[in-house]
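For reference, the structure is listed below as structure tokens.
Side-chain atoms are counted along with the backbone in the values below, which use heavy atoms only and exclude waters and symmetry mates. Chain letters run A, B, ... following the sequence lines, proteins first and then strands; every chain starts at 1. Keep in mind it's a predicted model, so treat the numbers as computed, not measured.
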Number of protein chains: 2
Amino acid sequence: MGTPLPRDPIADAQRNWERHGWGDVAAPMAAITAIMRTQQILLARIETVLKPFGLTFARYELLALLSFARSGALPMNKASALLQVHPTSVTNAVDRLERAALVSRSPHPTDGRTTLIELTPEGRSLAKKATAALNAEVFGQSGFGPDDVDHLIRVLGTFRRDAGDFAEE
Amino acid sequence: MGTPLPRDPIADAQRNWERHGWGDVAAPMAAITAIMRTQQILLARIETVLKPFGLTFARYELLALLSFARSGALPMNKASALLQVHPTSVTNAVDRLERAALVSRSPHPTDGRTTLIELTPEGRSLAKKATAALNAEVFGQSGFGPDDVDHLIRVLGTFRRDAGDFAEE
DNA sequence: TCCAAACCCTTGGATGTCCTAGTATATTGC
DNA sequence: GCAATATACTAGGACATCCAAGGGTTTGGA
């Protein structure tokens with residue numbers, strides 16, 4: 001998006017917060033802002049790697065989820081819950097994946113309200129290739145040291161649990 | 001988006017990665033996925049707090065940035081660089097803020113290419129109120145302990161620097 | 001001096017996310 | 001058994017982000 005800034009804009013914001021008498025929340029503000037920005041950077045890296053496969057992160061996540069399901073199929077509402085996104089977002093992703101012949105919709109055998117999403121052979125194959133690419137080019141070069149990774153998993157895991165993402169573990 | 005899951009979906013994904021022979025990148029994958037999800041949770045909280053003010057996070061960030069500028073005005077490209085978003089995103093935000101009479105556009109005095117964004121009195125007032133609300137309801141109750149906050153700031157700061165966000169500090 | 005290259009902003013298009021209905025199917029309670 | 005409630009998916013709309021392209025302004029080298 002341009003050349004590097006001379007100084008860290010988030011550190012500047014933190015100083016501004018302190019200067020305006022909000023010193024007690026300046027640090028959490030900076031941490032949260034840093035999370036937002038880090039997510040943006042990581043998402044951009046991921047999308048770059050997935051682009052050659054004709055995938056976006058949202059669609060990749062759905063493919064990956066299906067590829068780990070026993071039968072290679074999941075109800076839409078299940079996918080929505082596991083991916084932690086709104087049902088309409090799943091509908092959107094499935095629409096596009098289905099058009100690309102990577103998944104197919106089929107009616108649930110016993111519940112007429114439910115639609116099953118099923119991985120096609122091409123979908124399974126593409127998911128495998130995309131995962132290999134992401135592992136090699138993003139997750140394998142995250143830039144986080146092993147200790148930092150462990151710390152992030154633990155701290156953010158607690159945060160997510162407290163936020164109601166999942167029950168005690 | 002629904003009720004809590006019985007188990008942490010990211011921990012499950014990590015186990016799946018390990019089970020498929022990608023144990024060496026399973027942990028970074030989990031950490032990165034956790035960052036994505038945490039960002040989503042935080043963004044939702046922020047948007048909830050800002051909604052009564054008729055603001056989104058993107059627009060709030062621009063208002064806050066302007067409120068800390070000496071003159072209360074910034075060139076669009078400067079705002080784009082500091083907020084680390086694409087110039088078209090700034091155009092979009094300014095369009096809406098201007099329609100709400102919170103900012104105004106004016107030509108740059110010496111550079112005919114540049115447009116200055118200036119905070120209106122209402123914009124400055126709203127920014128102040130919105131900041132107070134965010135400090136009280138989000139940053140002041142982040143759920144991260146002081147040590148975790150420091151650690152996040154440090155680790156993510158290094159990551160952002162390495163990613164080219166800003167030069168050495 | 002003058003034209004090409006660089007820079008700035010905007011428009012138009014593609015995606016993703018969420019919310020608010022609306023339709024169809026299940027389940028529950030009387 | 002039937003009506004009321006709950007659940008599942010989808011359609012339409014509001015926003016945000018990015019990219020590609022276009023038109024205007026500056027800058028810099030021939």
Please produce a list of atom pairs where a protein N or O lies less than 3.5 Å from an N or O of nucleotides 8-10 of chain C.
| residue | atom | partner | partner atom | Å |
| --- | --- | --- | --- | --- |
| C:dC8 | OP1 | B:Asn77 | ND2 | 2.8 |
| C:dC8 | O3' | B:Arg113 | O | 3.4 |
| C:dC9 | OP1 | B:Met76 | N | 3.4 |
| C:dC9 | OP1 | B:Thr115 | N | 3.1 |
| C:dC9 | OP2 | B:Asn77 | N | 2.9 |
| C:dT10 | OP1 | B:Arg105 | NH1 | 2.3 |
| C:dT10 | OP2 | B:Thr91 | OG1 | 2.7 |
| C:dT10 | OP2 | B:Arg105 | NH1 | 3.3 |

Could you state the atom-to-atom distance from [atom1] of [X] to [atom2] of [N] in whole Å?
X	N	atom1	atom2	result
B:Leu43	C:dC19	CG	P	11 Å
A:Leu83	C:dC18	CG	C1'	15 Å
A:Ile46	C:dG16	CD1	P	14 Å
A:Leu42	D:dT17	CG	P	17 Å
A:Glu47	C:dT15	CD	C1'	9 Å
A:Asn92	D:dA14	CG	C1'	15 Å
A:Ile41	D:dC18	CD1	P	12 Å
B:Gln39	C:dG16	CD	P	16 Å

Members of residues 48-65 of chain B that approach DNA chain D, where some heavy atom sits under 4.0 Å away: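 Of all residues in residues 48-65 of chain B, the ones placing a heavy atom under 4.0 Å from DNA chain D are B:Thr56, B:Ala58, B:Arg59.
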Applying salt bridge (Lys or Arg N to Asp or Glu O under 4.0 Å) as the test, list every pair that has at least one member in residues 127-148 of chain B; sequence neighbours left out.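 Passing the test, one end in residues 127-148 of chain B: no pairs.
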When B:Asp8 is tested against each of A:Arg154, A:Arg161, A:Arg160 for salt bridge (charged side-chain N to carboxylate O under 4.0 Å, His left out), which residue passes?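 One option only clears the test, and that one is A:Arg160.
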Could you tell me whether the side chain of [Y] reaches within less than 4.5 Å of the side chain of [X], counting heavy atoms only?
X	Y	result
A:Gln84	B:Ile41	no
A:Leu62	A:Val103	no
B:Gln39	A:Gln40	no
A:Arg96	A:Asn92	yes
B:Leu102	B:Phe53	no
A:Trp17	B:Asn135	yes

N or O in side chain of A:Arg96 less than 4.0 angstrom from C:dA14 OP1/OP2: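 It does not, given that no N or O in the side chain of A:Arg96 lies less than 4.0 Å from OP1 or OP2 of C:dA14.
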Could you tell me whether the phosphate oxygens of D:dC18, OP1 or OP2, come under 4.0 Å of any side-chain nitrogen or oxygen in A:Gln40?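 Yes, A:Gln40 has a side-chain N/O under 4.0 Å of OP1/OP2 on D:dC18.
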Before giving the answer on side chain to side chain contact (heavy atoms under 4.5 Å, CB included), spell out for A:Arg15 and A:Arg7 the whole-Å C-alpha distance, their side-chain angles and the decisive distance to 0.1 Å. CA-CA 12 Å; A:Arg15 278 187 282 272; A:Arg7 301 175 334 124; 3.7 Å; yes
